[in-house]
Amino acid sequence: MSSKEKVRVKIPKYDIPAIKLEYVLLDADVLLPHEEIVTERLNDIVRNIREHNALDMPLIVAPIPGSSKYLIVDGHHRWAALIKLGCRKIPSVIVNYFDPRIKVFTWYPAFSGEPELLLSRLSGLNVETCGLSIDSVNDEDLRDKAFLMFDRSSRCVSIEGDVEVQRRVLRILDELAVRNLISLAWYGLLSDASEDLRRNEIDCVLVRRAFSKSEIMEYVRSGGIYPPKTTRHLLPFTPIKEYIKLEVLCT
């Protein structure tokens with residue numbers, strides 16, 4: 001989101017091997033992002049690349065069926081940073097997106113602050129109280145929902161809608177965080193968010209359904225792009241850092 005000082009991210013811990021991967025150089029135009037670029041994150045990556053005069057690791061990409069394009073699985077901001085620096089060659093590791101070892105989850109936004117700060121800004125949306133529990137919510141409960149919001153009083157609020165409603169809600173959260181009205185957090189695991197909610201470390205958690213690989217591919221192929229942190233991909237490896245000089249990428 002826009003203010004990294006006001007946002008914390010709770011990343012799940014996994015024992016994933018870091019390995020050296022063979023990459024190819026793809027033209028920047030054949031790579032399609034599936035999430036919006038965050039300006040502050042982009043600026044950080046640009047500064048890092050300039051400091052080292054190199055990119056620290058390749059992107060992970062996957063062929064889009066029926067297309068000559070590739071989905072950016074991991075590395076959106078590295079791709080955007082290289083383009084901003086005038087580079088057209090993007091070092092990319094090509095994977096089979098439908099390999100069962102590649103998992104896709106989502107991130108759960110949460111915040112400390114008054115729930116009404118968000119709810120009062122949702123005019124025009126279908127927002128209703130529901131009777132669900134954060135510890136038993138499932139994908140069927142989340143179907144046709146932008147988010148289910150749970151607060152410290154165990155209240156559940158349903159925010160009906162699609163990706164565009166999610167985008168609107170997340171922009172409101174971003175605005176509130178920038179104005180210091182809330183403290184924003186992102187959780188990779190709902191169980192971690194639920195625990196912190198019970199411990200009063202946060203006041204609200206917003207829960208949404210993770211999109212499937214097929215849904216993501218179709219959405220991108222049709223020209224769509226999700227809000228930031230819609231997907232959380234888990235790969236069976238982590239690319240080892242290997243600095244690829246800009247002179248190779250920007251000529």
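Position 1 is the first residue of the sequence, and the numbers go up from there. Please read these numbers as outputs of a predicted model, since none were measured by experiment.
- No side-chain donor-acceptor contact under 3.5 Å links Arg232 and Tyr187.
- Heavy atoms of other residues, nucleotides or ligands lying less than 6.0 angstrom from CD of Glu36 number more than 12.
- In this structure, Leu71 CG and Arg221 CZ are separated by 11.0 Å, a value rounded to the nearest 0.5 Å.
- Linking ILVMFWY side-chain heavy atoms closer than 4.5 Å, directly or via other members, places Ile216 and Trp79 in a single hydrophobic cluster.
- For Glu35 and Lys229, the salt-bridge test fails: no basic side-chain N is under 4.0 Å from an acidic carboxylate O.
- In this structure, CG on Leu117 lies 10.0 Å from CG on Asp203, to the nearest 0.5 angstrom.
- Hydrophobic clustering (ILVMFWY, side-chain heavy atoms < 4.5 Å, transitive): Leu246 and Leu26 are in one cluster.
- Considering all non-hydrogen atoms of both residues, Ile202 and Ala110 come closest at CD1-CB, 3.8 Å.
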Verdict with supporting geometry, Leu122 and Ile172, side-chain contact (heavy atoms from CB on, under 4.5 Å): CA-CA 9 Å; Leu122 300 182; Ile172 293 169; 3.7 Å; yes
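- Contact annotation: the side chain of Val9 approaches that of Trp107 to within less than 4.5 Å [non-hydrogen atoms, C-beta and beyond].
- Leu234 places none of its side-chain heavy atoms less than 4.5 Å from the side chain of Ile102.
- Ser112 places a side-chain N or O within 3.5 Å of a backbone atom of Glu201 that can act as its donor or acceptor partner.
- Between the Ser67 side chain and the Lys69 main chain, a donor and an acceptor come within less than 3.5 Å of each other.
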Chi angles and distances behind the side-chain contact (heavy atoms from CB on, under 4.5 Å) call for Glu114, Leu176: CA-CA 11 Å; Glu114 289 298 325; Leu176 294 172; over 6 Å; no
Go through it in stages, so that I can follow the logic: the residues are Gln166 and Thr230, the test is side-chain hydrogen bond (donor to acceptor under 3.5 Å, both in side chains), and I'd like the CA-CA distance, side-chain angles, deciding distance and then a yes or no. CA-CA 9 Å; Gln166 289 187 10; Thr230 294; 4.7 Å; no
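- For Glu51 and Arg47, the salt-bridge test fails: no basic side-chain N is under 4.0 Å from an acidic carboxylate O.
- Side chains of Leu235 and Ile16 form no contact here, defined as non-hydrogen atoms less than 4.5 Å apart.
- Distance NE2/His77 to CG/Asn48: 13.5 Å, rounded to 0.5 Å.
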In residues 89-96, what donor-acceptor pairs under 3.5 Å come from side-chain atoms, sequence neighbours left out?
residue, atom, partner, partner atom, Å
Ser92, OG, Ile90, O, 3.0
Asn96, OD1, Phe98, N, 3.0

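- One finds a salt bridge joining Asp135 and Arg198 here, because a Lys/Arg side-chain nitrogen approaches an Asp/Glu carboxylate oxygen to under 4.0 Å.
- In this structure, Lys213 satisfies the cation-pi test against Tyr97, with its NZ or CZ atom closer than 6.0 Å to the six-membered ring centre and inside 45 degrees of the ring normal.
- For Glu215 (side chain) and Ser212 (main-chain N/O), a donor-acceptor pair under 3.5 Å exists by modelled atom type.
- The salt bridge (charged side-chain N to carboxylate O under 4.0 Å, His left out) search around Arg78 returns Asp74, not counting sequence neighbours.
- Side-chain contact between Val163 and Pro227: present, with at least one pair of heavy atoms (C-beta onward) separated by less than 4.5 Å.
- For Glu22, there are no salt bridge (charged side-chain N to carboxylate O under 4.0 Å, His left out) partners at least two apart in sequence or on another chain.
- Residues Pro115 and Met149 have side chains in contact (heavy-atom distance under 4.5 Å, counting atoms from C-beta outward).
- Evaluation of the ring-ring contact (aromatic ring centres under 6.0 Å, His included) rule for His52 yields Tyr243 as partners, not counting sequence neighbours.
- The cluster map of Ile, Leu, Val, Met, Phe, Trp and Tyr, joined by side-chain heavy atoms under 4.5 Å apart, puts Ile19 and Val61 in the same cluster.
- For the residue pair Arg167 and Ile225, the shortest heavy atom distance occurs at NH2-O, 3.0 Å.
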Please determine whether side-chain contact (heavy atoms from CB on, under 4.5 Å) holds for the pair Ile49 and Ile45, giving the CA-CA distance in whole Å, both sets of side-chain angles, and the decisive distance to 0.1 Å. CA-CA 6 Å; Ile49 293 174; Ile45 298 291; 3.8 Å; yes
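- In terms of hydrophobic clustering, with Ile, Leu, Val, Met, Phe, Trp and Tyr side chains grouped at heavy-atom distances under 4.5 Å, Ile37 and Tyr70 are assigned to a common cluster.
- Salt bridge Arg155/Glu116: present, at least one basic N to carboxylate O contact under 4.0 Å.
- With a 4.5 Å cut-off on side-chain heavy atoms, Leu85 and Val46 count as touching.
- For Tyr219 and Phe211, the ring centers are positioned 6.0 Å apart or more.
- Remark: Ile60 CD1 to Tyr23 OH distance equals 12.5 Å, nearest 0.5 Å.
- Considering all non-hydrogen atoms of both residues, Leu170 and Pro109 come closest at CD2-CG, 4.0 Å.
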Could you go through Glu128 and Val157, starting from their C-alpha distance and side-chain angles, then the distance that decides it, and tell me whether this counts as side-chain contact (heavy atoms from CB on, under 4.5 Å)? CA-CA 6 Å; Glu128 299 178 349; Val157 174; over 6 Å; no
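- Hydrophobic clustering keeps Ile240 apart from Phe237 (ILVMFWY residues linked when any side-chain heavy atoms are closer than 4.5 Å, directly or through intermediates).
- A 4.5 Å side-chain heavy-atom check between Ile134 and Val205 finds at least one atom pair inside the cut-off.
- Salt-bridge formation is not detected for the pair Arg209/Asp139: no Lys NZ or Arg NE/NH1/NH2 atom is positioned less than 4.0 Å from an Asp or Glu carboxylate oxygen.
- The two residues Met217 and Pro65 come nearest to each other via the heavy atoms SD-CD, 3.9 Å.
- Residues meeting the salt bridge (charged side-chain N to carboxylate O under 4.0 Å, His left out) test with Asp144, sequence neighbours left out: none.
- With hydrogens and angles left out, the side-chain atoms of Lys145 and Asn126 include no donor and acceptor closer than 3.5 Å.
- When all heavy atoms of Val220 and Ile64 are compared, the closest pair comes out as CG1-CD1, 4.2 Å.
- Counted within 6.0 Å of CZ on Arg88, heavy atoms from surrounding residues, nucleotides or ligands total more than 12; the atom is thus considered enclosed.
- Here the closest heavy-atom approach between residue His76 and residue Ile72 is recorded as CE1-O, 3.2 Å.
- Between Arg171 and Glu175, none of the side-chain N atoms (NZ, or NE/NH1/NH2) sits under 4.0 Å from a carboxylate O, so this pair counts as no salt bridge.
- Distance check: Thr39 OG1 to Asp44 CG gives 11.0 Å after rounding to the nearest 0.5 Å.
- We find that Glu247 and Lys245 are not joined by a salt bridge, their nearest charged nitrogen and carboxylate oxygen being 4.0 Å or further apart.
- Salt-bridge formation is detected for the pair Asp196/Lys10: a Lys NZ or Arg NE/NH1/NH2 atom is positioned less than 4.0 Å from an Asp or Glu carboxylate oxygen.
- The distance from the CG atom of Asp151 to the CZ atom of Phe111 is 8.5 Å, given to the nearest 0.5 Å.
- Looking at Leu125 and Glu160, their side chains never come closer than 4.5 Å, going by heavy atoms from C-beta outward.
- Under the salt bridge (charged side-chain N to carboxylate O under 4.0 Å, His left out) criterion, Lys241 pairs with Asp56, not counting sequence neighbours.
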